Amino acid sequence: MAGIYIHIPFCKKKCHYCDFYKSTNLGPKVQLLYAMMQELEQRADELSGDSIQTIYFGGGTPSVLSSGEISMLLAQISRLYNVQTVAEITMECNPDDINPEYLGQIRETGVNRLSIGIQSFSAADLHLMNRRHSPQQAVDAVKMAQNAGFDNISMDLIYGLPGQDLQAWEENIRKAIDLDVQHISAYHLTYHGGTIFYEKLQTGTLRELPDELSLQQFKMLKEELAKAGFEQYEISNFARNQLYSKHNTGYWFQQKYLGIGPSAHSFDLETRRWNVSDNLKYIDGIEKGTNYFESEQLSRFDRYNDYVITRLRTIWGISEKDIDDEFVPHFRKNIDKYCRTGHILQKNQVWVLSEDGLFISDKIMEDLILLQS
Ligand code: SF4
C-alpha cells in the first residue's frame, strides 16, 4: 500500500503564519503542471510493486486549479500507477475558491474527500492571519460542499492565536460542530521562522498566548468534540464514524509515499527525499534532467525516532515488536516512568498516551528519541 502526494505550490495571497512552500506568481502554472506530469512518469517505477491507496492534493492551494487540471493529473496517475485499490482522493480547498459548479466538477474527477482551510470563523482572526475569506464564506463553503454531495469533509482550525480568548475559541468549535462535518484537524499556532507572525513576535507586535490559556483551549477542543461524537485519533485530528484521514494515517504507519511537485517529500521505507522548494528550479530540473531533489538514507536511529514520534501521537500507540531490539532497553527505561505517573497506558506491549499524557506529549517524545552519536 502506498500514497501519492501532489503539492500545488500556488496561493493567491500568503497567510501570515504559513511556512509551506508556495508562490503567489501563478504565471508558470501550466508549465509546472506539465513538469509534474513528467515527474509522475519518470518515477512510476518507484511504486511499480505497490497498490495506491490514497492520493492527496495539498499545497499551497490546490483549489487554484481547474477541475480539468485535477483530472489531467489523476488521469496520469491512473495511466502509470496501480490505482485499483484507491480508497481516498483528498483535495485541500480554500473557502473563497469554491462554488457549486466547481464543486460538482471536482466530484466528477473522482475526488471524494475535501479538506477545507477554514482556520477560524472570527473576522478578526481571519484578518490577523491574512486569510482571503470571510466567516460567512467559510460556512457557505462547507454547505456548498455538502450540497454537492461530498460526504467526507474535513476542516482545518487554528487555536492559540494572539488575542483569542477561551470564549472566542469556544465559538469556533461550536460553529465547526454545527456544520456537521466528518473530520476536524485543529492545530495550535506555531511561529515558524520566515513568516510574518514570527517577525511580529520578534518585534513585539504580536504576543504569544500564555501556555495556560493554550492548554485550556486544547482541553476545551477535546471535550467539546468528544461530546459531539468526534474521536481524537491523533493529537490534532478528530473524526466521526472512524472517517480517519487514510492518507495521513499512511504516514503514521510508515507506509511508502511519493511526493510530486516542488517541496514535496517522499519516503520509500529506506530513504527520505525532498524536491527543491522553488517552482522555476523544479521545472528546470525536470525539463533539463538536472537534479531537482535531495535525499537521505535513513539510519536505524532515524527510523526509530520517526516511528515513536508519529505513533505516540495516535490512538494506535507504540508497539514494542516494531522497535529494533537494540533500542528496546532505552524505550522501556524512558516509557516506564510515564507509565508510573499515569501519562502512558500500556496494554499487550502497546503504549498509548493517557488523557493526561496528551498534555505533555512533547516532553515524552523528547525523552523517547535517540540522538545518534
Ligand atoms: S495557509 Fe494555505 S492558503 Fe495560506 S499561504 Fe499557506 S498554503 Fe497558502
Side-chain angles (χ1 to χ4, degrees), residues 5-29 32-33 36 56-66 69-70 73 90-99 102-103 106 111 113-142 145 153-162 164 172 176 181 183-201 206 236-237 245 247-248 259-265 274-279 282:
Y5 172 80
I6 310 270
H7 190 79
I8 306 300
F10 298 110
C11 292
K12 292 180 186 162
K13 188 169 152 186
K14 290 187 183 175
C15 305
H16 287 172
Y17 55 89
C18 174
D19 74 334
F20 293 131
Y21 175 66
K22 70 267 167 189
S23 163
T24 49
N25 174 14
L26 273 73
K29 189 178 82 170
L32 188 113
L33 288 177
M36 286 162 79
Y56 192 102
F57 290 92
T61 315
S63 50
V64 300
L65 298 189
S66 68
E69 288 164 335
I70 295 282
L73 289 164
T90 304
M91 177 175 160
E92 292 179 354
C93 297
N94 266 7
D96 53 318
D97 282 332
I98 56 185
N99 58 56
Y102 181 68
L103 286 167
I106 290 296
V111 169
R113 183 172 184 270
L114 291 184
S115 171
I116 306 181
I118 285 176
Q119 319 309 353
S120 174
F121 293 97
S122 140
D125 289 348
L126 293 171
H127 178 71
L128 182 75
M129 290 188 276
N130 204 33
R131 297 289 299 172
R132 283 190 281 139
H133 63 270
S134 65
Q136 191 56 46
Q137 279 175 307
V139 172
D140 292 346
V142 176
I153 299 173
S154 178
M155 70 166 75
D156 283 352
L157 295 176
I158 298 183
Y159 62 101
L161 287 165
Q164 186 182 50
N172 268 335
V181 290
H183 190 280
I184 294 176
S185 300
Y187 296 95
H188 190 279
L189 174 68
T190 304
Y191 291 86
H192 297 286
T195 62
I196 302 275
F197 267 14
Y198 183 79
E199 258 174 50
K200 288 190 171 176
L201 188 67
L206 276 187
S236 309
N237 286 281
S245 160
H247 187 79
N248 287 342
I260 300 291
S263 82
H265 284 235
W274 54 99
N275 289 350
V276 63
S277 295
D278 183 306
N279 288 349
Y282 170 79

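Note that the structure is a prediction, hence the values are computed from the model and not measured. By convention here, the first residue in the shown sequence is residue 1. All ligand and atom numbering here is 1-based and tracks the order in the structure.
- For OH of Tyr102, the number of neighbouring non-hydrogen atoms (other residues, nucleotides, ligands) closer than 6.0 Å is greater than 12.
- Set against the non-hydrogen atoms of Cys11, the atoms of ligand 1 under 4.0 Å away are 3 (S), 5 (S), 7 (S), 8 (Fe).
- Under a 4.0 Å N-O distance rule, the pair Lys12/Asp97 qualifies as a salt bridge.
- Using a 4.0 angstrom heavy-atom cutoff, Lys12 does not count as in contact with ligand 1.
- When each of Asn172, Leu126, Asp140 is tested with Pro135 by the rule side-chain contact (heavy atoms from CB on, under 4.5 Å), just one qualifies, namely Leu126.
- Counting atoms of ligand 1 from 1 in the listed order, those under 4.0 Å from a heavy atom of Asn94 are 3 (S).
- Here the heavy atom of the protein found nearest to atom 1 (S) of ligand 1 is Tyr17 OH, 3.3 Å.
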Next item on the list: Give the intermediate values and the outcome of side-chain contact (heavy atoms from CB on, under 4.5 Å) for residues Ile118 and Arg131.
Entry: CA-CA 9 Å; Ile118 285 176; Arg131 297 289 299 172; over 6 Å; no
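- Asn94 and Ser63 form no side-chain donor-acceptor contact under 3.5 Å, judged by distance and modelled atom types alone.
- Heavy atoms of Gly60 approach ligand 1 to within less than 4.0 angstrom.
- Look at Cys15 and atom 8 (Fe) of ligand 1: no N/O/S atom of the residue is under 2.8 Å from the metal.
- Of all atoms in ligand 1, numbered sequentially from 1 with element shown, those under 4.0 Å from a heavy atom of Cys18 are 1 (S), 5 (S), 6 (Fe), 7 (S).
- Applying the 6.0 Å contact sphere to NE2 of His192 captures more than 12 heavy atoms from other residues, nucleotides or ligands.
- Near Thr61, meaning under 4.0 Å from any of its heavy atoms, are these atoms of ligand 1: 3 (S), 8 (Fe).
- Near Arg131, with a cut-off below 4.0 Å to any heavy atom, the atoms of ligand 1 are 1 (S), 3 (S), 4 (Fe).
- Counted within 6.0 Å of CZ on Phe20, heavy atoms from surrounding residues, nucleotides or ligands total 12 or fewer; the atom is thus considered open.
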